[in-house]
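Counting starts at 1 for both ligands and their atoms, in listed order. As the structure is a prediction and not an experimental result, all values here were calculated from the model. Because only heavy atoms are used, hydrogens play no part in the values below, and waters and symmetry mates are left out as well, while side chains stay in.
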Amino acid sequence: MTRGKIIGTGSFVPERILSNDELQLIVDTSDEWIIRRTGIKERRIASKVKDESTADLATQAGLKAIEMAGVTSSDLDMVIVGTVTPDRQFPSAGCMIQSKIGAFKAAAFDVSAGCSGFLYGLTMAHNAIKAETAELILVLGVERLSTIVNWQDRSTCVLLGDGAGAVVLSASGNGRGIMSTHLQSDGTFWDLLYSSYERSLLPQSLECIDLKPFQLKMEGNRLFKRAVGCLSEIASRALRQNNLSSKDISIVIPHQANIRIIMAMAENLGIPMEKVYTNLDRYGNTSSASIPIALDEANRQGLLKDGDLVLMASFGAGLTWGAAIIEWAAC
Ligand code: UT7
């Protein structure tokens with residue numbers, strides 16, 4: 001059966017590094033606390049003057065993936081973007097990126113699924129390829145979380161960063177590719193992680209200006225526990241559906257929210273940390289972008305070999321969570 005195969009990966013992060021030491025000057029925190037509780041040492045922050053809008057970051061990542069894939073933008077059938085920080089409410093980041101890369105025959109749109117946006121987008125792309133409604137798709141995860149962070153809230157501002165990652169998905173030639181994807185959400189717990197911007201308030205009263213719209217709110221501790229449970233459960237489900245055991249997995253590319261969440265998930269699955277790719281020490285939590293950035297880095301470092309089984313797992317606002325298993329074809 002035709003399935004989606006990744007034939008190119010790309011990523012791009014802003015130039016500006018914000019270290020834990022610098023954050024100590026902004027909020028009551030310490031390098032020691034941030035590393036011990038999260039594993040994060042620094043993150044990247046986008047700058048408008050350096051042309052690092054959401055669409056700019058994604059365009060850079062997308063062009064790298066397209067170059068590796070050896071295709072041209074004008075051949076793309078779809079551009080799907082996982083993001084919660086598009087540059088504008090509308091049009092979509094997808095359409096802005098489409099214009100920048102010249103993907104003129106593509107259908108372009110965004111997927112809002114918190115930190116699971118990339119896996120949600122990848123699933124839609126894989127399904128479109130299986131249904132033979134598309135042959136070549138650019139899937140991106142991109143965020144400028146620095147634009148919605150409350151820089152006075154130490155419990156969240158130390159966690160997040162900006163960046164973009166991308167893959168080009170094509171119909172599989174030799175049968176290798178995405179084996180399965182799995183998605184789930186539970187809106188009951190939406191208030192564990194959300195943006196305080198509430199659109200319906202805006203026309204009614206100017207008082208809403210005091211609400212500091214767009215700020216991110218999080219109940220970290222309760223979210224932490226759910227993250228470990230949901231990630232472990234959906235990764236196990238993905239293994240079961242493919243009659244695989246955790247020993248069959250060559251490498252895990254998890255969402256990069258907190259090193260303790262990743263370690264707990266790996267322990268629950270019985271996968272040693274040597275098989276888990278992490279880069280959150282350098283980028284923090286980049287939401288939708290974290291999996292495709294990590295995948296691209298692992299790919300470019302030669303860590304992904306032909307036939308390797310790659311497990312990806314995400315968890316985020318919504319709540320949303322997801323997993324995918326890929327039989328890797330070298331690109
Ligand atoms: O990507 C989407 C999914 N995201 C997640 O799943 C994130 C999940 N949550 C987490 O990663 C963790 O809960 C955090 C890193 C956010 C927080 O770690 P924690 O171990 O759960 O700490 P806590 O919230 O229980 O706070 C412990 C203490 C508190 O002080 P008291 O009440 O014990 O005196 C906080 O005020 O740590 C304090 N604290 C800080 N101290 C120094 C919170 N943030 C900081 C900080 N620096 N930046």
| field | Ligand-side contact atoms (ligand 1) for residue partner Asn258, heavy atom cut-off under 4.0 Å | value | 10 (C), 11 (O), 12 (C), 15 (C)

| message | For the backbone of Ser290 and the side chain of Thr286, can you confirm whether one donor and one acceptor N or O come within less than 3.5 Å of each other? | response | yes

| said: Within the protein, is there a heavy atom lying under 4.0 Å from atom 1 (O) of ligand 1? | reply: yes

| How many angstroms lie between atom CG of Asp191 and atom CE of Met218, to the nearest 0.5 angstrom? | 13.5 Å

| query | Quick one: do the Arg3 and Asn127 side chains pair a donor with an acceptor below 3.5 Å? | reply | no

| said: Are any of the N/O atoms on Asn221, whether in the backbone or the side chain, positioned under 3.5 angstrom from an N/O atom of ligand 1? | reply: yes

| Nearest-0.5 Å distance, CG of residue Leu138 to CG of residue Asp77 | 11.5 Å

| Distance-only side-chain donor-acceptor flag, Thr72 / Asp75, under 3.5 Å | yes

| task | Just need the protein heavy atom nearest to atom 48 (N) of ligand 1, so name the residue and atom and give the distance. | result | Arg154 O, 2.9 Å

| message | Return the CG to OG1 distance between Leu119 and Thr320, rounded to the nearest 0.5 Å. | response | 9.0 Å

| message | Using 0.5 Å steps for rounding, measure from the CD1 atom of Ile261 to the CZ atom of Phe224. | response | 5.0 Å

| message | Quick check on contacts: which atoms of ligand 1 are under 4.0 angstrom from a heavy atom of His255? | response | 1 (O), 2 (C)

| Are any non-hydrogen protein atoms located under 4.0 Å from atom 40 (C) of ligand 1? | yes

| field | Short side-chain donor-acceptor distance under 3.5 Å, Tyr283 and Gln256 | value | no

| query | What protein heavy atom sits nearest atom 47 (N) of ligand 1, and how far away is it? | reply | Thr29 OG1, 2.7 Å

| note | ligand 1 atoms nearer than 4.0 angstrom to some heavy atom of Thr38 are 15 (C)

| Say you draw a straight line from CD1 of Ile178 to CD1 of Ile129; how long is it, rounded to the nearest 0.5 Å? | 7.5 Å

| query | Tell me: protein heavy atom nearest atom 16 (C) of ligand 1, and distance? | reply | Met218 CE, 3.6 Å

| Which of the numbered atoms in ligand 1 are below 4.0 angstrom from a heavy atom of Val158? | 48 (N)

| said: Considering non-hydrogen atoms of the protein only, which is the closest contact for atom 18 (O) of ligand 1, and what is the distance? | reply: Arg260 NH2, 3.5 Å

| task | Scan the protein's non-hydrogen atoms and note whether one is under 4.0 Å from atom 9 (N) of ligand 1. | result | yes

| message | With heavy-atom distances below 4.0 Å as the criterion, list the atoms of ligand 1 near Arg37. | response | 19 (P), 20 (O), 22 (O), 27 (C)

| In terms of atom number and element, which parts of ligand 1 are under 4.0 angstrom from non-hydrogen atoms of Ile261? | 6 (O), 8 (C)

| message | Determine whether Asp110 and Thr83 satisfy the following criterion, side-chain hydrogen bond (donor to acceptor under 3.5 Å, both in side chains), listing intermediate values before the conclusion. | response | CA-CA 7 Å; Asp110 295 356; Thr83 188; over 6 Å; no

| Heavy-atom protein contact below 4.0 Å for atom 32 (O) of ligand 1 | no

| Heavy atom of the protein closest to atom 5 (C) of ligand 1 (residue, atom name, distance) | Leu223 CD2, 3.6 Å

| message | Need the ligand 1 atom indices (1-based, order shown) with element for anything under 4.0 Å from a heavy-atom of Cys115. | response | 1 (O), 2 (C)

| Nitrogen or oxygen atoms of Ser30 and ligand 1 under 3.5 Å apart | no

| Any nitrogen or oxygen of Gly220, main chain or side chain, under 3.5 Å from a nitrogen or oxygen of ligand 1? | yes

| note | atom 44 (N) of ligand 1: closest protein heavy atom, distance to 0.1 Å, is Trp33 CH2, 3.3 Å

| query | Just checking, any donor-acceptor pair under 3.5 angstrom between side chains of Ser19 and Glu42? | reply | no

| query | Hey, is atom 28 (C) of ligand 1 touched by any protein heavy atom at less than 4.0 Å? | reply | no

| note | Looking only at heavy atoms, the pair that brings Ile26 and Trp151 closest together is CG2-O, 3.5 Å

| request: For Thr181 and His126, test the side chains for any donor-to-acceptor distance below 3.5 angstrom and give the result as yes or no. | output: no

